[in-house]
Amino acid sequence: MNSFANRVRKIVCEIPKGETLTYKQVASLAGSPNAARAVGNIMKLNYDENIPCHRVIRSDGAAGGYNRGEAEKIRKLKEEGAV
DNA sequence: ATAATGACGTGAT
DNA sequence: AATCACGCCATTA
């Protein structure tokens, strides 16, 4: 998989603990500032357990979604120190 | 190539 | 502040 998905995965994997990036930020870093939707789409389709996708949230501050459940995602972020 | 889908974003009501 | 509708992008069928 060498494409947007790969870039996104790498970026998300580089997110430091306690920090959270918005889908828009990730998309922007991936090269497409308006591909927030595509970013989330890729996560859902890839189910990357090696990637801290739980550190990626919406721009509104909402967690968004998670393969384990939004509650788990939020919990993880809170435990890691994310606001 | 076209249509449909989706863990989004922003603006308008 | 909350909700609705539209727009955007990449992927898959």
Side-chain angles (χ1 to χ4, degrees):
Chain A
M1 288 289 265
N2 262 37
S3 52
F4 193 79
N6 195 303
R7 253 179 331 241
V8 172
R9 291 206 310 201
K10 195 156 180 203
I11 292 162
V12 175
C13 207
E14 292 293 306
I15 300 176
K17 172 183 169 280
E19 297 293 303
T20 46
L21 280 180
T22 68
Y23 292 96
K24 201 153 196 229
Q25 284 294 313
V26 177
S28 187
L29 293 170
S32 300
N34 295 14
R37 231 174 184 178
V39 173
N41 206 344
I42 288 153
M43 304 265 117
K44 190 202 176 179
L45 291 174
N46 276 284
Y47 287 91
D48 295 294
E49 287 180 22
N50 298 35
I51 296 179
C53 35
H54 60 265
R55 289 189 190 147
V56 186
I57 62 173
R58 285 184 47 160
S59 56
D60 311 66
Y66 196 49
N67 36 15
R68 281 310 217 232
E70 334 150 12
E72 191 65 46
K73 176 174 178 176
I74 296 164
R75 185 192 278 172
K76 256 177 185 253
L77 291 170
K78 281 204 152 197
E79 291 220 0
E80 293 193 348
V83 193

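Every chain is numbered from 1 and lettered A, B, ... according to where its sequence line falls, protein lines coming before strand lines. Since this is a predicted model, take the numbers as computed values, not measurements.
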[N] [atom2] sits how many Å from [X] [atom1], rounded?
| X | N | atom1 | atom2 | answer |
| --- | --- | --- | --- | --- |
| A:N46 | C:dA10 | CG | C1' | 12 Å |
| A:N6 | C:dA10 | CG | P | 15 Å |
| A:K73 | B:dA7 | NZ | C1' | 6 Å |
| A:D60 | B:dG11 | CG | P | 11 Å |

Please answer: with hydrophobic residues joined when any side-chain heavy atoms are less than 4.5 Å apart, are [X] and [Y] in the same cluster?
| X | Y | answer |
| --- | --- | --- |
| A:I57 | A:V12 | no |
| A:I42 | A:I51 | yes |
| A:I15 | A:M43 | yes |

About how many Å separate CD of A:E14 and CG of A:L21, when rounded to the nearest 0.5 Å?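 Reported to 0.5 Å precision, the distance equals 11.0 Å.
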
What are the two closest non-hydrogen atoms of A:A27 and A:A35, and how far apart are they?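 So the two residues come closest at CB-C, 3.6 Å.
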
Do any N or O atoms of the protein come closer than 3.5 Å to N or O atoms of nucleotides 3-5 of chain B, and which pairs are they?
none

For nucleotides 3-9 of chain C, give me one character per nucleotide, 5' to 3': B if any protein heavy atom sits under 4.0 Å from the base, S if the only such contacts are to the sugar-phosphate, - if neither. ----BBB

Once salt bridge (Lys or Arg N to Asp or Glu O under 4.0 Å) is applied, what residue pairs with a partner in residues 16-32 of chain A remain, sequence neighbours excluded?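 For residues 16-32 of chain A, and leaving out neighbouring residues, there are no salt bridge (Lys or Arg N to Asp or Glu O under 4.0 Å) pairs at all.
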
Using the test side chain to side chain contact (heavy atoms under 4.5 Å, CB included), find all partners of A:N67 that sit at least two apart in sequence or belong to another chain.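 Scan of A:N67 (side chain to side chain contact (heavy atoms under 4.5 Å, CB included), adjacent residues dropped) gives A:Y47.
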
Close side-chain approach of A:H54 to A:R68, heavy-atom, < 4.5 Å: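 No, side chains not in contact.
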
With the side chain counted from C-beta on, respond yes when A:Q25 and A:I11 share a heavy-atom pair under 4.5 Å apart, and no when they do not.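 No, too far: nothing below the 4.5 Å cut-off.
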
Among B:dA7, B:dG9, C:dT11, find the nucleotide with the atom closest to the side chain of A:Y66.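 Closest of the options to the side chain of A:Y66: B:dA7.
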
Looking at DNA chain C, which of residues 47-56 of chain A put a heavy atom within less than 4.0 Å of it?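 Heavy-atom contacts with DNA chain C come from no residue of residues 47-56 of chain A; none.
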
Distance-only donor-acceptor hits, side chain of residues 70-77 of chain A, under 3.5 Å, sequence neighbours excluded:
residue, atom, partner, partner atom, Å
A:K73, NZ, A:Y23, OH, 3.3
A:K73, NZ, A:V56, O, 2.5
A:K73, NZ, A:A63, O, 2.6
A:K73, NZ, A:G65, O, 3.2

Taking only N and O in the side chain of A:R58, is any of them less than 4.0 Å away from OP1 or OP2 of B:dA7?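 Result: no.
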
Is there a side-chain polar atom (N or O) of A:S3 under 4.0 Å from OP1 or OP2 of C:dT11?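 True: A:S3 side-chain N/O within range (under 4.0 Å) of C:dT11 OP1/OP2.
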
Around A:N50, counting heavy atoms of other residues, nucleotides and ligands shown, do more than 12 lie under 6.0 Å from its CG?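 Atom CG in A:N50 is not packed in, count stays at 12 or less.
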
Just to be sure I understand the rule, does A:K24 reach a base, reach only the sugar-phosphate, or reach nothing, if contact means heavy atoms closer than 4.0 Å?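 Sugar-phosphate: the residue A:K24, judged by heavy atoms under 4.0 Å, touches backbone atoms but no base.
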
